[in-house]
Amino acid sequence: MKIIVMGAGIIGVSTAWHLAQRGHEVTVVERQSGAAMETSFANAAQISVSYCEPWANPEAPAKLLKWMFRSDAPLLFRPRLDWRQWRWGLEFLSQCSDTAFRRNVEQIVALGAYSHAALKDIVQGTGIAYNRLERGIAHYYTDQKSFDAAAEAAALMRSFGVDRQVIRPSELFAIEPAYRSFADHIVGATYTASDESGDARVFTQELARRCAAAGVQFVYEHDIVRLEKTGGEISAVKLRKRSTGELLSWRADAFVVACGSWSAPLLRTVGVDLSIYPGKGYSATFKLLKPELAPWVSTIDDEVKCAISRLGDTLRVAGTIEVAGYSLSLDTPLARARCQMLADRIEQVLPGVCDTRNEAQGGQPNFWAGLRPATPTNIPCIGRTQVGKLWVNAGHGTLGWTHGAGSGKAIAELIDGQRPELRFGFLGI
């Protein structure tokens with residue numbers, strides 16, 4: 001079949017790879033000048049099957065109220081005059097029960113394990129290098145109540161086949177000595193040896209090159225004007241070439257929307273209404289000053305909900321979610337405060353290890369923001385829509401890197417009329 005994939009992030013490129021491997025004629029359309037230039041550009045770098053708890057949990061409503069006026073809040077809901085944001089928020093609250101939490105975790109873990117296996121297959125078959133570290137992921141706690149609750153979360157993960165272990169501080173420091181400098185604050189941790197980390201942007205761009213070598217056509221710097229619907233199916237996608245303004249109409253046998261947070265607005269134009277809303281996440285990439293003291297094990301700091309991952313001679317620190325529309329600005333008081341929080345936290349945890357100076361101080365912190373396409377359940381939308389020839393692969397929230405390879409493989413199987421071997425609620429089947 002001739003298939004058009006819209007979006008060249010980790011989800012779209014993975015989709016293109018698996019479709020091409022199955023013999024399809026694939027074209028990828030992307031508005032940026034290359035692959036992985038938006039949400040996949042500078043994420044937390046974690047392949048985290050073990051740490052995939054949905055944002056919606058029984059404690060979330062109280063925390064959201066407490067955090068509403070904190071500029072450094074891990075999850076910040078900023079009300080707007082946008083009824084879709086309010087609908088998303090109400091659906092989110094409906095998922096904040098023990099039953100819903102467990103149900104959602106089961107699907108997210110299943111997709112994560114399936115995707116991790118798919119990623120390993122791609123790496124083995126292609127040899128792509130992307131600052132990969134197969135040293136597991138640790139998660140440390142500075143609050144005893146949170147650490148006590150972590151034991152329940154770890155047990156839940158183990159019940160779904162993920163070996164997330166509860167460990168003492170001394171065991172954490174044996175696994176990752178870098179955190180001994182913060183020992184007075186850490187009350188305990190969890191650790192999953194099977195998790196890993198690596199640069200999602202580098203991986204996606206390298207996979208895009210291999211896709212192109214395998215015959216996939218990439219059409220960069222083209223905006224999607226609209227999906228053209230004839231009867232009950234999509235007949236073409238209308239594009240605008242950015243350099244000239246030329247309008248193009250491309251036909252295909254199937255169309256896959258993998259446009260991250262922009263998937264929902266595009267799909268609504270043809271009557272497909274999915275509850276996907278952007279969550280603005282931040283990251284900073286700091287140059288290492290003392291590489292010998294920097295961590296090799298990718299880690300989550302529970303207090304501020306940030307991830308810390310080593311990428312070569314830099315340290316990536318990423319975290320916080322701001323549910324407040326589609327703005328990517330780094331130049332607002334709130335954005336500056338959230339970026340500064342990441343720098344301040346690294347200085348607290350790993351003092352002097354990185355160059356955390358801001359630009360005014362002569363540093364190059366490489367602050368970045370990306371929109372995480374989140375569903376209220378944190379379960380992505382993968383599968384066939386009710387409109388003929390139209391498929392969707394979007395809504396992965398903060399787990400696009402973790403779920404990317406498997407989501408691409410799964411939708412390729414679905415398009416070929418197969419049922420992927422995992423317990424997951426795919427659309428349209």
Side-chain angles (χ1 to χ4, degrees), residues 41-46 48 51 67 70-76 131 133 135-143 146 169 172-173 175-191 195-201 280-322 330 333-370 372 398 401:
F41 187 79
N43 67 10
Q46 294 186 333
S48 179
Y51 186 71
W67 290 339
R70 275 180 49 187
S71 62
D72 62 348
L75 178 58
L76 179 61
N131 282 313
L133 290 174
R135 301 194 180 207
I137 292 178
H139 184 164
Y140 64 75
Y141 299 81
T142 57
D143 172 74
S146 298
L172 171 66
F173 305 143
I175 293 167
E176 181 44 81
Y179 294 109
R180 285 175 177 158
S181 61
F182 200 55
D184 291 345
H185 302 273
I186 295 175
V187 299
T190 64
Y191 176 67
D195 284 340
E196 58 179 270
S197 60
D199 195 321
R201 176 185 61 82
K280 185 179 181 181
Y282 295 81
S283 78
T285 306
F286 300 118
K287 185 76 173 178
L288 291 177
L289 298 176
K290 299 177 181 178
E292 71 280 6
L293 298 180
W296 288 98
V297 175
S298 186
T299 314
I300 297 167
D301 181 322
D302 189 74
E303 183 175 335
V304 299
K305 301 294 190 294
C306 74
I308 304 168
S309 299
R310 185 171 187 153
L311 296 173
D313 61 356
T314 65
L315 198 70
R316 173 71 51 76
V317 187
T320 80
I321 290 294
E322 180 184 325
L330 290 173
L334 178 61
R336 289 193 292 270
R338 290 169 89 75
C339 289
Q340 190 60 46
M341 181 275 290
L342 297 176
D344 292 344
R345 187 58 172 178
I346 283 300
E347 279 301 322
Q348 292 172 357
V349 176
L350 299 166
V353 171
C354 304
D355 183 359
T356 58
R357 297 175 299 163
N358 59 38
E359 291 181 353
Q361 298 167 328
Q364 293 182 316
N366 291 312
F367 292 125
W368 172 86
R372 312 308 192 193
T398 57
W401 183 206

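All values below were derived from every heavy atom in this structure, side-chain atoms included, with hydrogens, water molecules and symmetry-related copies excluded. Along the sequence shown, residues are numbered consecutively beginning with 1.
For Phe367, the ring pair (Phe, Tyr, Trp, His ring centres under 6.0 Å) criterion is met by no residue, not counting sequence neighbours. With sequence neighbours excluded, the residues forming a side-chain contact (heavy atoms from CB on, under 4.5 Å) with Asp143 are Lys145, Ser146, listed by chain and number. Applying the side chain to side chain donor-acceptor pair (under 3.5 Å) rule to Asn358 yields no partners; only residues at least two apart in sequence or on another chain are considered. For the salt bridge (Lys or Arg N to Asp or Glu O under 4.0 Å) test, no residue two or more places apart in sequence or in another chain qualifies with Arg372. Residues forming a salt bridge (Lys or Arg N to Asp or Glu O under 4.0 Å) with Asp184 (at least two apart in sequence, or on another chain): none. Evaluation of the side chain to side chain donor-acceptor pair (under 3.5 Å) rule for Asp72 yields Arg70 as partners, not counting sequence neighbours. Scored by the side chain to side chain donor-acceptor pair (under 3.5 Å) test, Asp344 finds Gln340 as partners (sequence neighbours excluded). Every residue meeting the salt bridge (Lys or Arg N to Asp or Glu O under 4.0 Å) condition with Asp302, not counting sequence neighbours, appears here in chain and number order: Lys305. Contacts of Asp195 classified as side chain to side chain donor-acceptor pair (under 3.5 Å), with partners at least two apart in sequence or in another chain: Ser50.
Considering only heavy atoms from C-beta on, Ile308 comes within 4.5 Å of Tyr140 through its side chain.
Note: Phe41 CZ to Asp199 CG = 9.0 Å, rounded to the nearest 0.5 Å. To the nearest 0.5 Å, atom OG1 of residue Thr285 and atom CG of residue Leu315 are 8.5 Å apart. Note that CZ of Phe286 is 6.5 Å distant from CG of Leu342, once rounded to the nearest 0.5 Å. With values rounded to the nearest 0.5 angstrom, Asn43 atom CG is found 6.5 Å from Trp368 atom CH2.
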### side chain to side chain contact (heavy atoms under 4.5 Å, CB included) assessment of Thr190 paired with Tyr51
CA-CA 10 Å; Thr190 64; Tyr51 186 71; over 6 Å; no
### Task
Kindly indicate, with the supporting measurements, whether the criterion side chain to side chain contact (heavy atoms under 4.5 Å, CB included) is fulfilled by Leu76 and Leu334.
CA-CA 11 Å; Leu76 179 61; Leu334 178 61; 3.9 Å; yes
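With hydrogens and angles ignored, the 3.5 Å screen pairs a side-chain donor or acceptor of Arg338 with a backbone N or O of Ala73. Although no hydrogens or angles enter the test, the distance criterion places no donor-acceptor pair under 3.5 Å between the side chain of Thr142 and the main chain of Glu303.
For the residue pair Glu176 and Tyr191, no side-chain donor N or O sits within less than 3.5 Å of a side-chain acceptor on the partner.
The list of side chain to side chain donor-acceptor pair (under 3.5 Å) pairs with a residue in residues 289-299, not counting sequence neighbours, reads Gln46-Ser298, Tyr179-Thr299, Ser298-Ser309.
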Side chains of residues 346-355: which donor-acceptor pairs under 3.5 Å do they make with residues two or more places apart or in other chains?
residue	atom	partner	partner atom	Å
Glu347	OE1	Gly352	N	3.3
Glu347	OE2	Thr356	OG1	2.9
Gln348	OE1	Arg345	NH1	2.8
Asp355	OD1	Arg357	N	3.3
Asp355	OD1	Arg357	NE	2.9
Asp355	OD2	Arg357	NH2	3.0

